[in-house]
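Scroll down for the structure; my scribbles are underneath it.
Treat the numbers as computed from the prediction; the structure is a model and nothing was measured. When reading the values below, keep in mind they use all heavy atoms of this one structure, side chains included, and skip hydrogens, waters and symmetry mates. In what follows, chains carry the letters A, B, and so on, assigned in the order in which the sequence lines appear, proteins first and then strands, with residues in each chain numbered from 1.
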There are 2 protein chains.
Amino acid sequence: MSEWKLNNYISVDCVVFGFDFEQLKVLLVDRVLKDEKTGNELFSDLTLTGNHIYEHESLEDAAARILFDLTGLENIYLKQFAAFCDPDRLKRPNDQAWLRASGRDPNSRIISVGYYSLLATKNVTLKWKGRNVKWYPVSEIKDLAFDHYNILQSALVALRRELLYEPIGFELLPEKFTLSQLQKVYEVILGVNLDKRNFRKKVARMKYLIPLDEKQKGVAHKPARLYMFSREVYEKTRKEVLDFNI
Amino acid sequence: MSEWKLNNYISVDCVVFGFDFEQLKVLLVDRVLKDEKTGNELFSDLTLTGNHIYEHESLEDAAARILFDLTGLENIYLKQFAAFCDPDRLKRPNDQAWLRASGRDPNSRIISVGYYSLLATKNVTLKWKGRNVKWYPVSEIKDLAFDHYNILQSALVALRRELLYEPIGFELLPEKFTLSQLQKVYEVILGVNLDKRNFRKKVARMKYLIPLDEKQKGVAHKPARLYMFSREVYEKTRKEVLDFNI
DNA sequence: GCAAAAGTGTTACCGCTACACCCATGG
DNA sequence: CCATGGGTGTAGCGGTAACACTTTTGC
């Protein structure tokens, strides 16, 4: 067993969420299968970004590697949310053809562990193995290759829940952000409208959201104050939630 | 690939939590390795309950099967909480010896998906493949075989979080239970003391906790009213939580 | 009758909700 | 000067936290 050999049975799929101050987006890759002889396109659809793990590699390392190969970024927010191993998850005709064409056993049982990650789409340059990677609005996605639509929906549920209980909204924004941008993150992902004044009162209680002596520039309206997240303050002031529902 | 063959690379570990009205417990199995020639015991320790999946079987089905084989019970609360696949997770000397002795490749990469389940220890009869299965208090567990201590801690974190946000406490109790028993579930798992009157006020708001015209019997104090959970009422009256932290 | 747990109400405080107007900037 | 989003305060309500005594049963 070479350490630098890919494991045939264990893969990681990354649901890379991005935010452009307007919509929640996700990174998807074109999958185009062409007829070996004629070169005609047999089908074209979209997949999440993912890969098999190396024999020496942890799941988390594999997810971070995929993210790095895609974006060149490190230390991105990354969270395991579920494992997918349904016996039929790769059995649709297109998927079977794709596996055969890429020299893999279409009958082998492959488990995929799902990670989602959060980043601001701004200033991210995408490339991946010469394949076509693009941001797609989550709300417009109808179906994906393999069981990736299922994985995406599952990631969304996990993200919403995490967003309700942990301070992660700013992971979808640049390092310095405005409160309106942060509010929009919550509105888009939770699918609600929030009151600006109440939202700001809440932020004011969260001491780890630090107001900077710095303002937006070049906007055609009153420039907003910038904030940043302080993990140090967060770690010091976090207290356990105890407001449970029975 | 026979459908009834165990998959060599994918396993499921069940963290079976139980509650005896006093403590949170977990089901563990003796693992005893004896010298092939002399019959002397080489070591003895404890593992979670788990098994490889069958080639035709989903992860959830495998977890339910393990639970059924252990307890004879079906429709037990069961929740996937994480996947474990660290390259070194089976590399400790005892684990390597165990794998070799049971005819498995000690170097193969095995992923394990963790499920936790909740039940009342009362009236559960345990048996498993002739091996010794017992309830152990979670608070007294120091180490386990393989990476099972890690898996257990991870299950605990997931359980606490779930208990805060979803009505699952009664899954650790008999069908009919008293409010003091339910309160004790929360106190033990969350590690807090709760005020009896405030707890009951909260329960009163949860319409899916139905008071019965039935009381405890044979207790040496004022007998308590029994309650049960109504999933039907819960589904109808649930509303989305929106009390997020930023 | 005594030990043990069941059951019950009030007050103070805090956070949530709802709601409308003026301000600073770019074009 | 106009369009655009930034930024601010108050009042009512509902849930949380703190707190002590009486009741019912088995033995």
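Base contact: B/Arg200 has a heavy atom under 4.0 Å from a base atom.
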Produce the list of close N/O pairs, under 3.5 Å, pairing protein atoms with atoms of nucleotides 24-27 of chain C; give distances to one decimal.
residue	atom	partner	partner atom	Å
C/dA24	N3	A/Lys222	N	2.9
C/dT25	O2	A/Ala220	O	3.4
C/dT25	O2	A/His221	N	3.3

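At least one side-chain heavy atom of B/Pro174 sits less than 4.5 Å from a side-chain heavy atom of B/Phe21. Counting heavy atoms from C-beta on, the side chains of A/Tyr116 and A/Glu162 come closer than 4.5 Å. No side-chain heavy atom of A/Val192 sits less than 4.5 Å from a side-chain heavy atom of A/Tyr186.
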Q | Base versus backbone protein contacts along nucleotides 16-22 of chain C [heavy-atom cut-off under 4.0 Å; B, S, -] | A | SBBBB--

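Note that A/Lys184 lies outside the cation-pi zone of A/Phe177, set by a 6.0 Å cut-off to the ring centre and a 45° limit from the axis.
If you take CD1 on B/Ile189 and CG on B/Leu172, they are separated by 5.0 Å, rounding to the nearest 0.5 Å.
Residue A/Leu226 contributes atom CG, which lies 14 Å from atom C1' of D/dG7 at whole-angstrom precision. Per the geometry, CD belonging to A/Glu214 stands 17 Å off P belonging to D/dG6, to the nearest Å. Atom pair A/Lys184:NZ and D/dG6:P shows a separation of 11 Å (rounding to whole Å applied). Atoms CD (B/Gln216) and P (C/dA4) sit 16 Å apart, rounded to a whole Å.
Note on B/Ser180: a side-chain N or O is less than 4.0 Å away from OP1 or OP2 of C/dA6.
Checked against salt bridge (charged side-chain N to carboxylate O under 4.0 Å, His left out), B/Lys25 has the following partners two or more places apart in sequence or in another chain: B/Asp20. Under the side-chain hydrogen bond (donor to acceptor under 3.5 Å, both in side chains) criterion, B/Tyr115 pairs with B/Gln80, sequence neighbours left out.
Under the salt bridge (Lys or Arg N to Asp or Glu O under 4.0 Å) criterion, the residue pairs touching residues 204-218 of chain B are B/Lys176-B/Glu214, B/Asp213-B/Arg225, with sequence neighbours excluded.
Each end of the helix from C/dG1-D/dC27 to C/dG27-D/dC1 yields a helix axis from five base pairs, and these two axes differ in direction by 10° (to the nearest 10 degrees).
For the side-chain contact (heavy atoms from CB on, under 4.5 Å) criterion with B/Ile66, the lone passing option out of B/Leu78, B/Thr49, B/Thr71 is B/Thr49.
Under a 4.0 Å N-O distance rule, the pair B/Glu166/B/Lys79 does not qualify as a salt bridge. A salt bridge is defined here as a Lys NZ or Arg NE, NH1 or NH2 lying under 4.0 Å from an Asp or Glu carboxylate O, and A/Arg231 with A/Glu171 meets this definition.
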